[in-house]
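All values derive from a computational prediction rather than experimental measurement. Letters A, B, ... mirror the listed sequences (proteins, then strands); counts begin at 1.
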2 protein chains.
Amino acid sequence: MRPSKRDEIVHKALQIFYENGFHATAMDTLVAKTGISKTSMYNHFKSKEDLIIAALRLRDEQFHEWFNKRIKELGTTPRSQLLAIFDALKEWFAQNEFSGCMFIKASSEYLDFNSPIHEISSDHKRSILNDINLLAEKAGAKDAKKLSCGLFLLMEGAISMAHLMHGTHSATEAKASARVLIAEALDDK
Amino acid sequence: MRPSKRDEIVHKALQIFYENGFHATAMDTLVAKTGISKTSMYNHFKSKEDLIIAALRLRDEQFHEWFNKRIKELGTTPRSQLLAIFDALKEWFAQNEFSGCMFIKASSEYLDFNSPIHEISSDHKRSILNDINLLAEKAGAKDAKKLSCGLFLLMEGAISMAHLMHGTHSATEAKASARVLIAEALDDK
DNA sequence: TAATTTGTGTACCGATCAGTATTTAAACTA
DNA sequence: TAGTTTAAATACTGATCGGTACACAAATTA
């Protein structure tokens, strides 16, 4: 098995699903836009849902890598890194390919809670929350769980609104509120 | 024109779109589940998109009415009403028909920024933010815009996460952070 | 009662959907 | 070089999609 072909399919499908939606992207569209034959696709994935799942797993990897790397680049201390979350978000929102959170979109289209698509999406969010929680603990928050939940919800709200309102504004607003939450969790004696 | 039939179609379509998704709900499904003939539907709406738009407008009305009413019932002062937002959300999340925000789902499926569906969704969110902002002003926040934006983002994050994680937890967490933001905006001299 | 509007049932349209069969060719492996 | 795996092109399947045509029934209006 040559893994490169499979990877090529997943990478290209991910991009097309992201900008077009899942139901709205037909397998024929994928064939037309990628130049890869349908036979090859069904050789590597037994169904469209399987391909979607693979794309979501790739996205999960990509996002985690980018998120944690960028936060560490934008902030030097755990505390500044907590705030840097929102600088990283702003950069993301500013990209013209930005089109919201892939997992929110996936779970919006596949509403069955038992669907693996829904499961992957919630797992993804849980692990992002976990990343933030580790940062909050390292920063010495008096209630790391409370702080990380607050920052996480601000982040999620900002992502949704950046998509809907089509701008980077929500990142700035989220950062302002994040500053308040961080100050309360770290400054108070 | 008898308006009752049109209303019946919109009300029933709203519910079905909400629990099944937009692309995933075929017009034939609507016919089967409502018992209303397809001819009648296309008599009142010139396309599926038109019906979706009507359903979203109804949802906007319904949500606003419920939201503002429930906040006023759950809180006596502007300040307690700001906090009551999250009690209202918790009630919403606890309903077993709850399946996330209809407008987030709509804009997740119809990704074209120029689509009227996208427009209705962003208008809806803007007016919710406006409702919160009015409350923040009445409460005497030193920076009402900042406070209302923060609470709004917490609310949006909580809605998304309640859907993904399938629980009411996010409302409680959002409320805890909201308390911090409200205290900072109202208590500090 | 006569005319008009509105809803229904049914059958249909061309397009498109996810997925498959078949054949042929190219590329890797032995 | 022979054999095996993988990709490709093409054409197809049955189901379903959004939307329409048509004939008929019920209710409203005049």
Give me the residues of residues 10-21 of chain A where at least one heavy atom lies under 4.0 Å from an atom of DNA chain D, by number, or none. none
In residues 31-43 of chain B, what residues come within less than 4.0 Å of DNA chain D, judged by heavy atoms?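 Hits under 4.0 Å, by residue number: B:K38, B:T39, B:Y42.
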Going by side chain to side chain donor-acceptor pair (under 3.5 Å), name the pairs with one or both residues in residues 9-22 of chain A, residues two or more places apart or in two chains.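 Pairs touching residues 9-22 of chain A that pass the test: A:E8-A:K12.
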Please report the end-to-end axis angle for the helix from C:dT1-D:dA30 to C:dA27-D:dT4, five pairs per end, rounded to 10 degrees. 20°
Measure from [atom1] on [X] to [atom2] on [N] and round the result to the nearest Å.
X: B:D28; N: C:dG9; atom1: CG; atom2: C1'; answer: 14 Å
X: B:H23; N: D:dT16; atom1: NE2; atom2: C1'; answer: 14 Å
X: B:H44; N: D:dG19; atom1: NE2; atom2: P; answer: 16 Å
X: B:F45; N: D:dG18; atom1: CZ; atom2: P; answer: 16 Å
X: A:K48; N: C:dG19; atom1: NZ; atom2: C1'; answer: 12 Å
X: A:E49; N: C:dC17; atom1: CD; atom2: C1'; answer: 16 Å
X: A:M27; N: C:dT20; atom1: CE; atom2: C1'; answer: 12 Å
X: B:I52; N: D:dC17; atom1: CD1; atom2: P; answer: 13 Å

Electrostatic pair A:E184:A:K142 at N-O distance under 4.0 angstrom: yes
Taking distance alone, no hydrogens or angles, what donor-acceptor pairs closer than 3.5 Å link side-chain atoms of residues 148-159 of chain A to residues at least two apart or in another chain?
from   : atom 1 : to     : atom 2 : distance (Å)
A:S148 : OG     : A:N133 : OD1    : 2.9
A:S148 : OG     : A:A144 : O      : 2.9
A:S148 : OG     : A:K145 : O      : 3.1
A:E156 : OE1    : A:K125 : NZ     : 2.9
A:E156 : OE2    : A:K125 : NZ     : 3.2

For a quick test of your reading: what N or O donor-acceptor pairs under 3.5 Å do the side chains of residues 85-93 of chain B make, sequence neighbours left out?
from  : atom 1 : to     : atom 2 : distance (Å)
B:D87 : OD1    : B:K175 : NZ     : 2.8
B:D87 : OD2    : B:K175 : NZ     : 3.2
B:K90 : NZ     : B:T172 : OG1    : 2.7
B:E91 : OE1    : B:R70  : NE     : 2.7
B:E91 : OE2    : B:R70  : NH2    : 3.1

Determine the contact category for A:T29: base if any of its heavy atoms lies under 4.0 Å from a base atom, sugar-phosphate if only primed atoms, P, OP1 or OP2 are that close, otherwise nothing. nothing
Sequence neighbours excluded, which residues qualify as salt bridge (charged side-chain N to carboxylate O under 4.0 Å, His left out) partners of A:D143?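 Result, salt bridge (charged side-chain N to carboxylate O under 4.0 Å, His left out) vs A:D143: none returned.
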With sequence neighbours excluded, tell me which residues meet salt bridge (charged side-chain N to carboxylate O under 4.0 Å, His left out) with B:R126.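 Partners of B:R126 under the salt bridge (charged side-chain N to carboxylate O under 4.0 Å, His left out) test: B:D123.
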What distance separates B:Q81 CD from B:D131 CG, expressed to the nearest 0.5 Å?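 Nearest 0.5 Å value for the CD-CG distance: 11.5 Å.
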Considering only residues two or more places apart or on different chains, which pairs with a residue in [range] satisfy salt bridge (charged side-chain N to carboxylate O under 4.0 Å, His left out)?
range: residues 102-113 of chain A; value: none
range: residues 50-59 of chain B; value: B:K46-B:D50
range: residues 93-104 of chain B; value: none

Which nucleotide in D:dG19, D:dA7, C:dC17 has an atom nearest any side-chain atom of A:K5: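 Among the listed nucleotides, the one closest to the side chain of A:K5 is D:dA7.
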Partners of A:H124 by ring pair (Phe, Tyr, Trp, His ring centres under 6.0 Å), sequence neighbours excluded? A:F63, A:H64, A:F103
